[in-house]
2 protein chains.
Amino acid sequence: MRLTKGCKKVLEVLETADDLSSAQDIHSKMRTTEDKPPGLTTVYRSLESLVNMGLVQAVDLGDGERRYEMIKPGEHHHHLVCDACKNSVHLDQCLIEELEGGIKAKYGFEVRGHILEIFGICSDCSKGSNGIK
Amino acid sequence: MRLTKGCKKVLEVLETADDLSSAQDIHSKMRTTEDKPPGLTTVYRSLESLVNMGLVQAVDLGDGERRYEMIKPGEHHHHLVCDACKNSVHLDQCLIEELEGGIKAKYGFEVRGHILEIFGICSDCSKGSNGIK
DNA sequence: CTACCTGCAAATTATTTGCCTTAAC
DNA sequence: GTTAAGGCAAATAATTTGCAGGTAG
């Protein structure tokens, strides 16, 4: 599995992104920075590879649009997503992993994965001094 | 906001459903039980009303298809979804609500909502005596 | 009568796929 | 030269919307 041009370019965009990026975000950003930008299809295919390689995680906020971000290989994390400015903050630890043992004991259910995203109002926005998008 | 025929029929289906139902599930179930079943559009619109009324919750499992289930008004819960048989079990308490205070204190973030679904293998399936769909 | 519910068809939108061209090793 | 990557157009598929007709109070 080679790390192709397309993958590399997608990674570059994700490295510099300060927030979650959709495939379309990544694609339009490339159109401004690259002279010969990859097509949307390539972005999707690159993202798929990167997710499989464990370098990128897909995040689903339930709005029908998948977002992506770089992660340390094999790790993952969750977000506090502001309903007002749409920015997100990483949680520094996964709240679910520590519960897995209890779930196994109580329900006999072996946890393999989970979706967790938290919505609300960030401190900037509740102060009024926000940067609402 | 009146509880229309369409809404009532959708509720009836959800009452008897033993698991999460997609709009299409509900619609096709009606085609077998009702002599003059509502259209898909009506199902979607009814579900929207019911969610707004707090009688039904929408559940997003990240597969691009929204599921629905009845809830006690104002409550909500999360699920253990089996990757093998696709059945789901309710968690009897929300794991996030108790963390809200800590999140507020640590991040200044006021929690208003969240998505949480847990995937894995249920006890039936790990025993091998499962009913894989 | 008037407002809202319904249904059908058409529109929308993110994502995927087919297929042919092109670049990599 | 063979094999996989990239591009473009077309296909999917869930959901939403426009609009015309129907129904209830």
Side-chain angles (χ1 to χ4, degrees), chain A residues 1-14 17 19-53 55-69 81 86 88 115 117, chain B residues 1-14 17 19-53 55-69 81 86 115 117 133:
Chain A
M1 192 184 277
R2 35 182 147 154
L3 198 55
T4 65
K5 278 176 307 195
C7 282
K8 272 184 238 157
K9 287 184 191 165
V10 168
L11 268 186
E12 280 168 31
V13 173
L14 287 178
D19 209 359
L20 298 169
S21 311
S22 69
Q24 327 246 1
D25 290 339
I26 295 167
H27 182 241
S28 31
K29 195 157 186 184
M30 281 172 168
R31 302 191 131 224
T32 70
T33 58
E34 304 281 332
D35 41 316
K36 210 174 123 314
L40 234 198
T41 309
T42 302
V43 173
Y44 277 110
R45 282 195 276 232
S46 301
L47 286 168
E48 187 187 11
S49 306
L50 292 167
V51 169
N52 287 336
M53 286 187 263
L55 299 177
V56 166
Q57 83 171 324
V59 178
D60 194 320
L61 302 183
D63 64 350
E65 194 173 8
R66 231 167 284 157
R67 320 296 167 94
Y68 299 86
E69 71 182 329
V81 181
K86 305 300 178 194
S88 63
I115 300 174
E117 305 300 334
Chain B
M1 195 184 272
R2 34 183 148 153
L3 200 57
T4 65
K5 279 176 307 194
C7 282
K8 271 184 238 157
K9 287 183 190 165
V10 169
L11 269 187
E12 279 169 31
V13 173
L14 287 177
D19 209 358
L20 299 169
S21 310
S22 69
Q24 326 247 1
D25 289 341
I26 295 168
H27 182 242
S28 33
K29 196 157 185 184
M30 282 172 167
R31 304 191 130 224
T32 69
T33 58
E34 304 280 332
D35 41 319
K36 209 173 125 314
L40 234 199
T41 309
T42 301
V43 173
Y44 277 110
R45 283 195 274 233
S46 301
L47 285 169
E48 187 188 9
S49 306
L50 291 167
V51 169
N52 287 336
M53 288 187 263
L55 298 177
V56 166
Q57 82 171 325
V59 178
D60 194 319
L61 302 183
D63 64 351
E65 194 173 8
R66 232 167 283 157
R67 320 296 167 95
Y68 299 87
E69 71 182 328
V81 181
K86 305 302 177 192
I115 301 174
E117 304 301 334
K133 280 178 187 166

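So that the names make sense, note that chain A is the first sequence line, chain B the second, and so on, each numbered from 1. Remember, it's a predicted structure, so these values are computed and weren't measured experimentally.
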query: To the nearest angstrom, how far is E48(B) atom CD from dT15(D) atom C1'?
result: 11 Å
- prompt: At their closest point, which heavy atom of D60(A) faces which heavy atom of I115(B), and how far apart are they?
  reply: O-CD1, 4.0 Å
statement: Taken to the nearest whole Å, CG/L47(B) to C1'/dC5(C) is 15 Å
message: Using whole Å, what does the distance between atom P of nucleotide dT13(C) and atom CZ of R66(A) come to?
response: 18 Å
query: Judged by modelled atom types alone, do N52(B) and S49(B) share a side-chain donor-acceptor pair under 3.5 Å?
result: no
message: Could you tell me how far apart D60(B) (CG) and dA14(C) (C1') are, to the nearest whole angstrom?
response: 14 Å
field: Atom CD of E48(B): over 12 foreign heavy atoms under 6.0 Å
entry: no
Closest contact, heavy atoms only, S21(B) versus I26(B): CB-CG1, 3.8 Å
query: Once you round it to whole Å, what is the distance between C1' of dA14(C) and CD of E65(B)?
result: 15 Å
task: Check whether any side-chain heavy atom of K36(A) sits under 4.5 Å from a side-chain heavy atom of K5(A), and report yes or no.
output: no
field: Interatomic distance, L40(A) CG vs dA14(C) P [rounded to whole Å]
entry: 10 Å
- request: Please report the closest heavy-atom contact between L14(A) and Y68(A), naming both atoms and the distance.
  value: CD2-O, 3.8 Å
Selection: residues 27-39 of chain B, any non-hydrogen atom under 4.0 Å of DNA chain D: none
- prompt: Would one find a side-chain N or O of Y44(B) under 4.0 angstrom from OP1 or OP2 of dT15(D)?
  reply: yes
- request: Can you tell me the distance, in whole Å, between the CZ atom of R67(A) and the C1' atom of dT13(C)?
  value: 13 Å
query: What is the minimum heavy-atom distance between K86(B) and V81(B), and which atoms define it?
result: O-CG1, 4.4 Å
message: Between P on dA5(D) and CG on N52(A), what's the gap in Å once rounded to a whole number?
response: 12 Å
Closest nucleotide among dA23(C), dT16(D), dT6(C) to the T42(B) side chain: dT6(C)
task: With the side chain of R45(A) defined as its heavy atoms from C-beta on, choose the nearest nucleotide among dA14(C), dT16(D), dT17(C).
output: dT17(C)
field: Upstream residue (5' side of DNA chain D) when G6(A) and Y68(B) are each assigned their closest nucleotide
entry: G6(A)
field: Closest to side chain of Q24(A), choosing from dG18(C), dA14(C), dA23(C)
entry: dA14(C)
- request: Ignoring backbone atoms, test whether T4(A) places a side-chain nitrogen or oxygen under 4.0 Å from the OP1 or OP2 oxygen of dG6(D).
  value: yes
